[in-house]
S.K.: 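I have a structure here, written as structure tokens, and I will follow up with some questions on it.
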Amino acid sequence: MPHLYLVDGSGYIFRAYHRLPPLTNKHGEPVGAVYGYTTMLWKLVDELNKADGPTHMAVVLDKSEHTFRNELYDQYKAHRPPAPEDLVPQFPMIRDATRAFSLPCIEEAGWEADDLIASYTKAALAQGWSVTIVSSDKDLMQLMTDPSVDMLDTMNNRRLGPADTEEKFGVLPEKLGEVLALMGDSVDNVPGVKGIGPKTAAKLIQEFGTVEAVLEAAPSMKPSKMRDNLIEHAEMARLSHKLVQLASDVPLPEPLEDFALQGIPDAPLRAFLEHHGFRTLLNRLSAVADAPVETHETPGLEEDPPCNHDGYETVIDEAALDQWIEAARHQGWVAIDTETTGVDATRAELVGVSMALQPNKACYIPLGHGGTDMFAERPVQIDRAVALAKLKPLLADPAVLKIGHNLKYDMIVLGRCGLDVAPYDDTIVMSFDLDAGLHGHGMDELAATHLSHSCIAYKDVVGTGKSQLGFGEVDLKAATRYAAEDADVTLRLWRRFKPRLAYEGSTRVYEMVDRPLVAVIAGMEREGIKVDAGVLAKLSSDFSHQIAALEEEIHGIAGFKFTIGSPKQLGDVLFDKMGIKGGRKGKSGVYSTDVNELERIAADKDSPGREMVVKVLDWRQLTKLKSTYTDALQAQINPATGRVHTSYSLTGAQTGRLSSTDPNLQNIPIRTETGRQIRDAFVAEPGNVILSADYSQIELRLAAHIADVPALREAFEQGEDIHNRTAMELFGEVNRDTRGRAKTINFAILYGISRWGLAGRLDVTPDEAQAMINRYFERFPGINRYIADTLNDAKARGYTTTLFGRKTHFPRLKASNPNERAGSERAAINAPIQGTSADIIKRAMARMGPALAEAGLHNVKMLLQVHDELVFELPEGDVEAARPIIQRVMATAAEPAVKLTVPLGVEIGVGPSWGAAH
DNA sequence: CAATTCACG
DNA sequence: GACGTACGTGAATTGA
């Protein structure tokens, strides 16, 4: 029976455009999307040779913007920005590409490609054909109601069936339209029902069957926000239902029979590929002459073969390991990955190592499978100590580059086994330096984005829940497929990123700031910081008593018990039961009870709630300190080291800052006396002390330099108090009030000011706030110029840069939603300053170890980084020698790459604990 | 899992 | 004229 392939061309054009770099051909025409689209068609050619491959094929495109859906709903697809200007000229080229493959191209005014696909599918089924829809569009999944229809997602090399619909949306294709109608679609601006997303929509449809039935049942549901939304937005749901429905009776522009595949003639395809200089594809077309073709393609874009999981080798004898090691030495680079028993690198045990040398040339070396129980059945593997001894010189070989994805983790695990890793590249950091702000940097996401490959899911290897296995319990075949794939994918990513770094101007920040930091951070995490559990336990117990007493008093005032920790219940008590005025409800209908609100009540001498609110504020502080710090930190102490080992993310903050998790040691309390006591639990070993060094006002100093503000620069040069100086400039006199206001305004400037935001903070009217902003701009010329230039640049290029060339992308700067856009604008104003500060302290960190070592100070350990502060532990006797070195390294960290016009101030404190060092 | 709150720079 | 109103984070809790 004939098999019809219908290609959703329009869907692919956009996806290809967004995932490929902006390539141009030798004629200077943008061709990124065309290239992606062409390779997609190429992949389909492989299908021709399959037993149940296509006998008929056509590409379907959108023709016009206006369809019957716009008649139904004038907002349909209304939020779509116009196509990017370098994509527009590619639309006609995509038709050329289709013709080059001698494929029919179907488009019809007034109909979307989806409708044409639905109609052709119906017609083909009526004749008993089978149909494959080449797309990953969720709307088209509705068509898989017939067993003769399936989908092929060439971007991810996946075949999709009804089961995928069920997995993704909780219902079979028959009911998909109902679910889509309820959840809506922000991309097409299908409204759906407010507050209902895929999960809720699936649940409702599973229960009631149809949108209509759900809407009918709504009034009898138990009261909830969802019920209200269903009733309120019933019409929108009905409308959405019509919008997502595919029209399957469109008159067919060409008869099905005309789609019969005739083979693909060589000549037109060759001409097309030559015109654009798609050399890789041209080479594949014929093994004959490959005349050099000039292109501006990013180098390294050649398509890799798909991952062949069954081709990976499990290395279980020494001779094989020797061969891999020798091959890596000979080649000069190798991608590596470690498998372990857990996610915490400072506790997990090594289970195996994988290596990749070329795409599909990868292996897995099991080292700890079957556990350590000597009586248990263990699969055959190389003796762990022997294998590590063989790997050690390779990992330390200065002539062999080790490539990892989040190599910091592997460095810690391997370091605990006595193995150093150098030199190295890290693809997670490369991705961050190239694409911060555009997407995440996890391997699975990058593989999908850059390699059109979906990685084996870790969960599929080890299972989930109670039956989840440790990686060491996974059988070697499955372990090899998973582990070697990770190394393979890492290698493939590296081959793409390495040339991009240079091509896109990010080599500097990668080499001078981020890459050297990986090993430094690994060392800090492994070191950890000593925490005195006794101090924390004492605080926990003190807090418990105070919390219990406050609880009783608060319930006493209310006259009944309630959950103080529930903002909902607290709001009801304060604003409804006690009748306090001025409660503000947020969009979820709950009164806000945050600290601003409670302090407002506390400040009102006539409010009946003052007494309670003051106690609630105390209660809040104490419960926060207890649960987040004094209790949690005790549990985080590693029993093996007696220390707490945080994990820093190098890619967590868009601006280039680090972030800290498990536990977060960058938000240990300091602002209140009660909270500050927690810092006393961070202590030095006997004979040692804690030294804390922090940059003073680094962001304001950088703003003075970057925006070139003479008055601010002078103030810093003279060592003046910067907030006093600002107060003088703005208000003509310095007192506590004006200094406080000046400080607020200084920070507001760094964050991208709005008159309303400033008005709220200073408790003045927006007009008064605007007057202060105007005066600030007047007194500090340069600031408004900086803001305008930064925004112009960011809008034109899509990203901001720091003094060290770090890019942060802001795709939402072009959002049609004004709030979203304004938020991105403020972030873009802040990013160069916050990011430069991050660059500088990172450089200081990378230089700190060598500088101290040069002075013979080998026992000074850098333990923590808190954005503008570094915390060290060192022998008491080394303090006087270390102090000037730390001071100098931090103060000169920008040099020589960047010469600042303001000095960087560094303040140092020393004491037996972190608390005492401040 | 979302919303709220709050700890830090 | 409405919207929400300072940038960047991570963690705990409640409640659906």
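FYI, side chains are in, hydrogens and waters are out, and symmetry mates aren't considered; it's all heavy atoms of this structure. Letters A, B, ... mirror the listed sequences (proteins, then strands); counts begin at 1.
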S.K.: So, does T800(A) use its side chain to make a donor-acceptor pair with the main chain of A831(A) at under 3.5 Å?
M.R.: no
S.K.: Write down the distance between CG (D631(A)) and P (dA7(B)), rounded to a whole number of angstrom.
M.R.: 16 Å
S.K.: Using a 4.5 Å cut-off on heavy atoms from C-beta on, say whether the side chain of M890(A) contacts that of I840(A).
M.R.: no
S.K.: Is there a donor-acceptor pair under 3.5 Å between the side chain of R643(A) and the backbone N or O of G528(A)?
M.R.: yes
S.K.: To the nearest Å, how far apart are E597(A) CD and dT5(B) P?
M.R.: 9 Å
S.K.: To the nearest angstrom, how far is H867(A) atom NE2 from dA7(B) atom C1'?
M.R.: 11 Å
S.K.: Considering only side-chain heavy atoms of W756(A), which listed nucleotide, dT5(C), dT5(B), dC7(C), is closest?
M.R.: dT5(C)
S.K.: Which one is paired to dT4(B), where only Watson-Crick or G-U wobble pairs with both distances under 3.5 angstrom count?
M.R.: dA12(C)
S.K.: Hydrogens and angles aside, do T646(A) and S660(A) bring a side-chain donor and acceptor to less than 3.5 Å of each other?
M.R.: yes
S.K.: Between atom CZ in R657(A) and atom C1' in dC8(B), what is the gap in whole Å?
M.R.: 9 Å
S.K.: Which nucleotide, if any, forms a Watson-Crick or G-U wobble pair with dC3(C), using both distances under 3.5 Å?
M.R.: none
S.K.: Please list, by residue number, the residues of residues 823-839 of chain A whose heavy atoms come closer than 4.0 Å to an atom of DNA chain C; answer none if no residue qualifies.
M.R.: R826(A), A827(A), N830(A), Q834(A)
S.K.: Around atom CD of E552(A), are there more than 12 heavy atoms from other residues, nucleotides or ligands closer than 6.0 Å?
M.R.: no
S.K.: Report the distance from atom CD1 of I196(A) to atom P of dC1(B), rounded to the nearest whole Å.
M.R.: 17 Å
S.K.: OH of Y776(A) versus P of dA6(C): gap in Å, rounded?
M.R.: 18 Å
S.K.: Hey, does D868(A) reach any base, or is it just sugar-phosphate, or nothing, if we go heavy atoms under 4.0 Å?
M.R.: sugar-phosphate
S.K.: F543(A) has an atom CZ; how far is it from atom P of dA7(B), in whole Å?
M.R.: 12 Å
S.K.: For the pair H723(A) and F747(A), name the ring-plane relationship: parallel under 30°, tilted 30 to 60°, perpendicular over 60°.
M.R.: tilted
S.K.: Taking atom P of dG10(C) as reference, at what distance in whole Å does atom CG of L650(A) sit?
M.R.: 13 Å
S.K.: In B/S/- notation, 5' to 3', how is nucleotides 11-16 of chain C contacted by protein heavy atoms closer than 4.0 Å?
M.R.: BSSSS-
S.K.: Report all side-chain donor-acceptor pairs from residues 670-677 of chain A shorter than 3.5 Å, counting only partners two or more places apart or in another chain.
M.R.:
residue: T672(A); atom: OG1; partner: Q621(A); partner atom: NE2; Å: 2.7
residue: T672(A); atom: OG1; partner: G675(A); partner atom: N; Å: 3.1
residue: Q677(A); atom: NE2; partner: T674(A); partner atom: O; Å: 3.3

S.K.: Answer yes or no for K807(A) and Y799(A): cation-pi contact, defined as NZ/CZ to six-membered ring centre under 6.0 Å and angle to ring axis within 45°.
M.R.: yes
S.K.: Of the nucleotides dA6(C), dC6(B), dG8(C), which has the atom closest to the D594(A) side chain?
M.R.: dC6(B)
